[in-house]
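Down below is the structure, laid out as structure tokens.
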Amino acid sequence: MPSCPTLPASRQLTEQLDLIGGELCTPERLPSLLEAVRAVPDPRTPHLVTHAWPMLLGLLACATLCGVRSVRGVIRWANGQGAGILASLEVPDGDPGRLPVATTLTRTLARVDADALDAAVGAFAQAHAADPLASIAGEPPVLQLAADGKTVRSARDEAGLQLHLLGVYQVDPGVMLAQREMRHKPHETLHFTAALDLIADITGAIVTADALHTVADHAHYLHSRGAFGLFPVKENRSTLFARLDALDWDERTNPHITVVRTEETNSGRHEIRIVRVQPLAPGQVNFPHATRALLVERYTTGRGDGKIHADAELGITTAPTQTADAATLARCVRDQWAIEAQHFVRDVTFGEDACRARTGSLPRALATFRSLAISLAHLAGWTNNAAAHDYYRNHPADALCELGLTG
């Protein structure tokens, strides 16, 4: 890990090309976070405003990237920064005496339009996750988007409803591109298309999700946007499951099957994965735009009981072979867990489930900036989020750089 991994390699190379007058690509300047959040309506009464709106959100974003876990912690962090850091965050004259108190930030975030905030932060993340050199380096890898829901367990409203969020995650490099609240409609399938609508272009992407999203409407939606689905099929889709289960999955008798076998050991756990992929004829199964079926077998040891655990899962995809071969599909099935790992970081590193913030939009706003902090660390090349936030805590100027600002 470099001592100052503040820019992804593609952005570093782009800057170098600009410096030497390179003509390979001329990307537009990436927006800063403060520019992005200016589009979010200020919820405060105009004649009572003392602190600039972008400044409040910038303080929260930068402090969260530095590992701060609470609103009070944001103000404590800000009071410990120098004038240059504060000035970059639009604190007047970089004067710590011009900082808001924690109550001001809490009350403002509780009233913010969380949908507008998610849209602005998501647009910022999408701009920074885009690879300006993808078309230069050769055939770009298949874009995988993973959708999954997360419950913020301690965030209950006046009616006792928990906060549920549906996120759409770009697996490589590991960026949360969009997020949608599901507090009053907790069934994820109702929000799947709306969450993907927050992403400007998903053409050619493979979208993975849990088995509850294996529905015809989602397949039609992805097809209409030029994207493809890769869904597990379980017994909750009994007819589809039965038809896939009845297929010939023996490669010795079915020459059309492609087998991908992987083996890995991680943290004492050994796993062998065997993915079988076979084409589907039009109308062979009752699922729109289906092109291939999958059978995923997993054999794991090292769970502490000395036994070999085996499980199998059927799947279906709408992606054609020229877009994703069998090895790519096998990787996408494996990489669906990446969004779960991001949720784990939010809970463990940032203590999201234990956070006591409950008022209005406050818990959702905090979740938005936690996701942004994790995403920016991944964009900078970090693989250990805790180490990344420790680094930025001691190097706040680099945290500003990740937000498109300079200290």
Donor-acceptor side-chain pairing of Arg346 and Ser371 below 3.5 angstrom: yes
For residues Leu198 and Asp118, determine if any side-chain heavy atom of one lies less than 4.5 Å from a side-chain heavy atom of the other. no
Just checking, any donor-acceptor pair under 3.5 angstrom between side chains of Tyr169 and Asp335? no
Taking C-beta and beyond as the side chain, do Ile374 and Met176 meet within less than 4.5 Å on heavy atoms? no
Test item: Thr300 and Asp311 side chains (from C-beta on) under 4.5 Å apart, heavy atoms: no
Side-chain donor-acceptor pair present, His343, Glu352, cut-off under 3.5 Å: no
Would you call Arg292 and Asp325 a salt bridge, using N to O less than 4.0 angstrom? no
Given side chains that start at C-beta, do those of Ile75 and Pro100 come closer than 4.5 Å, heavy atoms only? yes
Please determine if Asp210 and Lys234 form a salt bridge, counting it only when a charged side-chain N lies under 4.0 Å from a carboxylate O. no
Where does the angle between the aromatic ring planes of Phe192 and His218 fall among parallel (under 30°), tilted (30 to 60°) and perpendicular (over 60°)? parallel
Does any part of the side chain of Glu271, heavy atoms only, come nearer than 4.5 Å to the side chain of Thr262, both counted from C-beta? no
Carboxylate-amine/guanidinium proximity below 4.0 Å for Arg261 and Glu251: no
Pairwise side-chain contact, Val37 with Phe124, heavy-atom cut-off 4.5 Å (strictly under): no
Electrostatic pair Glu297-Arg276, nearest N-O below 4.0 angstrom: yes
With under 30° as parallel and over 60° as perpendicular, where do the rings of His395 and Tyr391 fit, or are they tilted in between? parallel
With no hydrogens and no angle check, do the side chains of Gln162 and Thr151 hold a donor and an acceptor under 3.5 Å apart? no
Validation row: Trp249, Leu247 side chains within 4.5 angstrom (heavy atoms): yes
Thr349/Asn385 under side-chain hydrogen bond (donor to acceptor under 3.5 Å, both in side chains): CA gap, chis, key distance, verdict: CA-CA 8 Å; Thr349 303; Asn385 286 94; over 6 Å; no
